[in-house]
Amino acid sequence: MEKAKFSTKSIWAGEKEQLAFGATQVPVVHSVSFGYDDMDEWYEVAIGNKPGHIYGRNTNPTVQAFEEKIRILEGADASTSFSTGMAAISNTLSTLLFPGDRVVSIKDTYGGTNKIFTEFLPRQQVEVILCDTGDHEAIEREVAQGCKVLYLESPTNPTVKITDIKRMAAAGKAVGATVIVDNTFATPVNQNPLELGADLVIHSATKFLGGHADALGGAVCGDRALVEAIYHYREINGATMDPMAAYLILRGMKTLKLRVDQQNKNAASIAEYLKTFDMVEAVFYPGLEDHPHHDIAKEQMTGFGGMLSFAVRGGVDTVRQLLPKLKYANRAANLGSVETVVGPSRTTSHVECTPAERLAMGIPEGLIRYSAGIEDIDDLKEDLAQAFKAIEAYVKS
């Protein structure tokens, strides 16, 4: 399986061991507990000397299949799962950081992640240093002063900025830091941070991995010792993935390559198309040659992703007029789904932040996050055209 191509892995990886009764699909095991007649066998499973399950908060066969699939797709030694992507992020940081530790990251991470850095970790006497995302020299200077964790997100949510993962991972390794990369936007189809030197990769499985906006989940993959420590924190603190969510995400992952390849194409085409509208002030997509870190993206990504963002003239007032006119887009706080999803950061990625905080992160109120679906590209373009035309008079006034 390890040598199979990505599409084959996404379908077959992690499933055979969990099949039962001749089924060709992994069953949804809803049982909370797992019973044993042999007390010694029960004990051996409980302490981890034998494979098996004892209690659903710890492990579950359906969830285990998901963990194994994402482990193989990311080329990791180990993986564990969570109830949500934010649970994966918060549990990982809580496992690794203690009072007196120092963490270096970037300013425009996902809003929930940013809140951990600016609100929760400082309460625990963890020193947090947030650098401008594109300023690699500044990040290197801060890392060189020493840190326990270097946390990166590339591409970023929602400004799709790019960080040179290989370069930053080398800087982190030089001081003994654990290097973590949120790979949600890229997916393992487009980017493999572990191959670039990261120690851990985080996913909100809710997004592209599941792909159908019907299940919450998160995952961490990477170094075995680190993942085991994170799993231990999670099993005690209880942010466990639901078996039904694991099943739905597993099902979605079988078409991950097909979906993401199409989303890559659609996003690239939409990004170019948006540049033709006078009402669009700027388009942000790493596949565009005028993106400030396009060359880095070309080096470390095999595809530029299904996510882009664009700023419109007139700011939030234009956003209010434009988005309701779109016929083929859900106005919702989600991304990575088969349907196109749009929304401003003030109600999606950075709803927890104030306007001033968003502005400090380089996120204007008139920025629209656009998650390209797998619809026909001509329909998506025509939809944008009619929406802009419908509000043209309003914007000019």
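In what follows, every heavy atom counts, from backbone to side chain, and hydrogens, waters and symmetry copies are set aside.
Asn192 places a side-chain heavy atom less than 4.5 Å from the side chain of Pro188. Side-chain contact between Asn264 and Val260 is present, with heavy atoms from C-beta onward closer than 4.5 Å. Between Ile54 and Phe34, every side-chain heavy-atom pair lies at or beyond the 4.5 Å cut-off. Taking the side chain as every heavy atom from C-beta outward, Phe66 and Met241 approach each other to under 4.5 Å.
Going from atom CG of Asp242 over to atom OG1 of Thr84 covers 12.5 Å, rounded to the nearest 0.5 Å.
No continuous path of ILVMFWY side-chain contacts below 4.5 Å connects Leu248 to Leu256, so the two sit in separate hydrophobic clusters. Hydrophobic clustering (ILVMFWY, side-chain heavy atoms < 4.5 Å, transitive): Leu380 and Ile368 are in one cluster. Leu274 and Ile377 end up in the same hydrophobic cluster when Ile, Leu, Val, Met, Phe, Trp and Tyr side chains are linked at under 4.5 Å. Clustering ILVMFWY residues whenever any of their side-chain heavy atoms sit less than 4.5 angstrom apart, transitively, puts Tyr285 in the very cluster that holds Phe388. Under a hydrophobic clustering in which Ile, Leu, Val, Met, Phe, Trp and Tyr are joined whenever their side-chain heavy atoms come within less than 4.5 Å, directly or via other members, Leu326 and Tyr328 fall into the same cluster.
Of all the heavy atoms in Thr318 and Gly314, the pair that sits closest is OG1-CA, 3.3 Å.
Remark: the Glu153 side chain and the Thr113 side chain contain no N/O donor-acceptor pair separated by less than 3.5 Å. In the model, Thr156 has a side-chain atom that pairs as donor or acceptor with a side-chain atom of Thr159 under 3.5 Å. Judged by distance alone, the side chains of Lys381 and Ser269 do bring a donor and an acceptor atom under 3.5 Å apart. Judged purely by distance below 3.5 Å, without hydrogens or angles, the side chains of Gln262 and Asn266 pair a donor atom with an acceptor atom. With hydrogens and angles left out, the side-chain atoms of Thr184 and His203 include no donor and acceptor closer than 3.5 Å. With hydrogens and angles left out, the side-chain atoms of Glu339 and His212 include no donor and acceptor closer than 3.5 Å. Judged purely by distance below 3.5 Å, without hydrogens or angles, the side chains of Glu119 and Asn114 never pair a donor atom with an acceptor atom. Side-chain contact check for Lys207 and Ser204: at least one donor-acceptor pair (N or O, by modelled atom type) lies under 3.5 Å. In this model, a donor atom of one side chain and an acceptor atom of the other lie less than 3.5 Å apart for Asn183 and Gln191.
Although no hydrogens or angles enter the test, the distance criterion places no donor-acceptor pair under 3.5 Å between the side chain of Arg313 and the main chain of Met279. Using modelled atom types, one side-chain atom of Asn60 and one backbone atom of Thr62 make a donor-acceptor pair closer than 3.5 Å. For the pair Thr163 (side chain) and Ile165 (backbone), a donor-acceptor distance under 3.5 Å is absent. Proximity of a side-chain donor or acceptor of Ser371 to a complementary backbone N or O of Gly336 within less than 3.5 Å is detected.
Ion pair Lys257/Asp261 flagged as a salt bridge, since at least one NZ, NE, NH1 or NH2 atom sits closer than 4.0 Å to an Asp/Glu carboxylate oxygen. By the 4.0 Å N-to-carboxylate-O rule, Arg71 lies too far from Glu67 to be salt-bridged with it. The pair Lys254-Glu15 meets the salt-bridge criterion, since a charged nitrogen lies less than 4.0 angstrom from a carboxylate oxygen. Ion pair Glu142/Arg102 flagged as a salt bridge, since at least one NZ, NE, NH1 or NH2 atom sits closer than 4.0 Å to an Asp/Glu carboxylate oxygen. Under 4.0 Å is where a charged nitrogen must lie from a carboxylate oxygen, and between Asp101 and Lys148 at least one such pair does. Between Lys327 and Asp379, no side-chain nitrogen of the basic residue sits less than 4.0 Å from a carboxylate oxygen of the acidic one, so the salt-bridge criterion is not met. Electrostatic pairing of Arg167 and Glu140 counts as a salt bridge here, judged by a charged N lying under 4.0 Å from a carboxylate O.
Under the side chain to side chain contact (heavy atoms under 4.5 Å, CB included) test applied with Leu150, the options Val181, Thr178, Val143 reduce to a single match, Val143.
Taking the six-membered ring where tryptophan is involved, the planes of Tyr151 and Phe117 are perpendicular, since the angle between them exceeds 60° and thus also 30°.
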Worked check of side chain to side chain contact (heavy atoms under 4.5 Å, CB included) between Phe82 and Ile230 = CA-CA 10 Å; Phe82 302 85; Ile230 295 163; 3.5 Å; yes
Report the C-alpha distance between Asp290 and Lys275 in whole Å, list the side-chain angles of each, state the deciding distance to 0.1 Å, and finish with yes or no for salt bridge (Lys or Arg N to Asp or Glu O under 4.0 Å).
-> CA-CA 11 Å; Asp290 60 2; Lys275 294 170 74 174; 3.2 Å; yes
